[in-house]
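Chain A is the first sequence line, chain B the second, and so forth, proteins listed ahead of strands; every chain is numbered from 1.
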2 protein chains.
Amino acid sequence: MGLEEVEGMNPLARKLQRLGRVSEEDVQHVLALPAIVKAVPTGHYLVREGRPATECCVLLSGFACRHKLAATGARQIVSFHLPGDLLDLQHLLLSVADHNVQTITEAVVAWVPMAAIRKLTAQSQAISDALWRDTLIDASIFREWVLNVGRRDAKTRIAHMLCEFAARCESAGLGSASAFELPMTQEQIADATGLTSVHVNRMLRALEADGAIARDRRHIRIADWQNMRSIADFDPAYLHAA
Amino acid sequence: MGLEEVEGMNPLARKLQRLGRVSEEDVQHVLALPAIVKAVPTGHYLVREGRPATECCVLLSGFACRHKLAATGARQIVSFHLPGDLLDLQHLLLSVADHNVQTITEAVVAWVPMAAIRKLTAQSQAISDALWRDTLIDASIFREWVLNVGRRDAKTRIAHMLCEFAARCESAGLGSASAFELPMTQEQIADATGLTSVHVNRMLRALEADGAIARDRRHIRIADWQNMRSIADFDPAYLHAA
DNA sequence: CGACAACTTGACGGGCGTCAACCGGAGTGG
DNA sequence: CCACTCCGGTTGACGCCCGTCAAGTTGTCG
């Protein structure tokens with residue numbers, strides 16, 4: 001999706017409306033936020049660990065991931081992000097980035113000065129609540145990921161990641177949870193699940209052989225969602241979607 | 001520590017002062033929060049998954065952990081908590097608990113109505129910021145834990161957990177980071193690191209054999225903190241202390 | 001048609017889990 | 001004051017899940 005095709009801050013406004021009862025006036029304020037909109041290529045860094053951040057990045061189209069590096073050089077992806085997501089809201093109150101954010105597809109992002117967001121949160125309790133709620137849901141997802149990489153076996157872990165991605169895409173209005181396109185490579189799935197790309201490949205094929213998913217390149221279909229939920233140990237409660 | 005020995009909401013007030021520039025007046029408001037203070041035994045549940053929460057629990061003395069369960073019954077501890085910690089601030093804006101909180105020692109806790117906290121955050125931007133900041137730091141710690149269980153080997157993982165615990169204790173004024181008492185069993189360390197208690201035992205003894213730590217029952221001494229940091233791949237930046 | 005990234009597959013090995021036994025200190029009750 | 005109990009910690013043998021290494025294969029884009 002190119003620059004001309006995105007509809008301004010609408011993805012963000014929609015997300016805030018999902019997060020809480022935000023008034024029409026508040027929505028107008030969000031749409032009026034001062035923002036520099038840019039198209040960026042795959043692999044572009046939006047946040048870098050150790051850097052101070054004075055602007056907040058909003059993903060308008062495309063996909064991104066947050067990741068951290070171990071001393072060995074191993075990478076751990078700690079979250080994936082969809083259009084509408086605020087990519088570094090934590091820097092509203094934390095001065096230095098403790099992780100990286102990088103696009104995994106071509107993307108369009110809006111850079112908003114932190115000061116403008118601060119002003120908005122001071123003006124509107126509803127917006128402030130919605131943003132805080134967003135950070136709380138992010139934290140809840142991180143907790144689930146700790147459980148996922150800490151206590152589930154490889155097949156369950158990958159299935160869980162697929163379920164979460166599908167559920168979040170659907171809830172963001174990006175299509176159906178039972179048929180969707182994965183934006184990430186198997187190596188990125190590996191980095192998100194604490195596995196190797198080789199083993200991710202084996203497990204994806206196993207899920208396919210089990211009939212849990214159907215694959216055509218990166219297109220995934222989940223015919224029997226109840227079955228998949230059970231294979232994946234997936235209970236969407238932690239997503240706190242409306 | 002019994003009921004009579006804790007000094008009211010002081011641990012919380014001290015924590016908020018560490019989190020941001022909170023005025024003397026704000027501190028008074030915190031100390032004046034309506035609270036029911038209780039002593040609870042080891043293993044007591046303070047938050048239960050699936051339950052709605054209308055009160056917020058503040059840990060005044062003792063230690064607690066948050067955990068989630070996988071379908072197999074395996075438990076994953078996603079964080080440990082120290083005196084002064086707010087144990088379920090997420091329920092300020094999320095209606096249903098997505099995890100459990102349980103004491104791991106005898107403890108004294110204060111139950112504060114959510115409404116009183118809402119009132120406080122509405123009145124004071126500084127308190128609101130401090131609490132939000134607290135939830136952001138929690139999230140940062142969760143991200144580090146995802147990396148820890150996802151990409152570090154067992155020895156490093158345990159060493160990292162020890163470093164984090166030591167650093168947080170010191171920063172909370174509970175003693176020195178180079179000599180401290182662990183409140184948790186090896187099984188709880190295992191559940192926090194995604195390992196088994198058997199392997200935790202092996203790795204603790206390996207760390208001891210390497211000279212990284214000295215142990216006497218649950219008392220840990222870290223003679224060479226720089227060495228330990230390097231073994232543990234520990235960089236305290238993610239704790240966003242001071 | 002060549003180059004490259006992503007995916008696929010097989011052989012092999014190791015880190016950590018599993019199982020099972022034992023130890024040792026703290027609390028309890030006779 | 002000593003047996004008994006129980007929980008937590010310790011140890012060893014064995015095996016499996018997943019990592020490593022290495023070699024293809026496929027699709028895409030110039």
To the nearest Å, give me how far apart [atom1] ([X]) and [atom2] ([N]) are.
{"X": "B:His199", "N": "C:dG17", "atom1": "NE2", "atom2": "C1'", "result": "9 Å"}
{"X": "A:His219", "N": "D:dG27", "atom1": "NE2", "atom2": "P", "result": "17 Å"}
{"X": "A:Leu182", "N": "C:dA6", "atom1": "CG", "atom2": "P", "result": "14 Å"}
{"X": "B:Ile189", "N": "C:dG17", "atom1": "CD1", "atom2": "P", "result": "14 Å"}
{"X": "B:Gln188", "N": "D:dC7", "atom1": "CD", "atom2": "P", "result": "14 Å"}
{"X": "B:Asp153", "N": "C:dG17", "atom1": "CG", "atom2": "C1'", "result": "16 Å"}
{"X": "B:Arg202", "N": "D:dG9", "atom1": "CZ", "atom2": "C1'", "result": "13 Å"}

On the nucleotide [N], are OP1 or OP2 found under 4.0 Å from the side-chain N or O atoms that [X] carries?
{"X": "A:Arg215", "N": "C:dT8", "answer": "yes"}
{"X": "B:Asn201", "N": "D:dT10", "answer": "yes"}
{"X": "A:Arg205", "N": "C:dT9", "answer": "yes"}
{"X": "A:Gln186", "N": "C:dA5", "answer": "no"}
{"X": "B:Arg218", "N": "C:dA26", "answer": "no"}

### Query
A:Phe234 vs A:His160 aromatic rings, parallel, tilted or perpendicular, using cut-offs 30° and 60°?
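A:Phe234 vs A:His160 ring planes: perpendicular.
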### Query
Is any NZ, NE, NH1 or NH2 atom of the basic residue among B:Arg66 and B:Asp98 found under 4.0 Å from an Asp or Glu carboxylate oxygen of the other?
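Salt bridge flag = no for B:Asp98 with B:Arg66.
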Measure from the side chain of [X], starting at C-beta and using heavy atoms only, and say which of [options] lies closest.
{"X": "A:Leu195", "options": "D:dG19, D:dC21, D:dA13", "value": "D:dG19"}
{"X": "B:Val198", "options": "C:dA20, D:dC18, C:dG17", "value": "C:dA20"}
{"X": "A:Thr185", "options": "C:dA6, D:dG12, D:dC18", "value": "C:dA6"}

### Query
With nearest nucleotides of DNA chain D determined for A:Lys155 and B:Glu187 from heavy-atom distances, which residue corresponds to the more 5′ nucleotide?
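Closer to the 5' end of DNA chain D: B:Glu187.
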### Query
Starting at the 5' end of DNA chain D and moving along, which residue's nearest nucleotide shows up first, B:Met184 or A:Ala154?
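Its nearest nucleotide lies further toward 5', so the answer is B:Met184.
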#### Entry: Nearest heavy-atom neighbours spanning A:Ile77 and A:Cys65
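The pair with the smallest heavy-atom distance is CG2-CB, 3.8 Å.
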### Query
Looking at A:Leu86 and A:Leu89, what are the two nearest heavy atoms and their distance?
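Shortest heavy-atom contact: CD1-CD2, 4.0 Å.
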### Query
Looking at C:dG24, does its base get a donor-acceptor pair with the side chain of B:Arg217 below 3.5 Å?
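Result: no qualifying N/O pair found.
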### Message
Within the structure provided, determine whether A:Ile158 and A:Leu204 are in side-chain contact (heavy-atom separation under 4.5 Å).
### Response
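Answer yes - side chains close enough.
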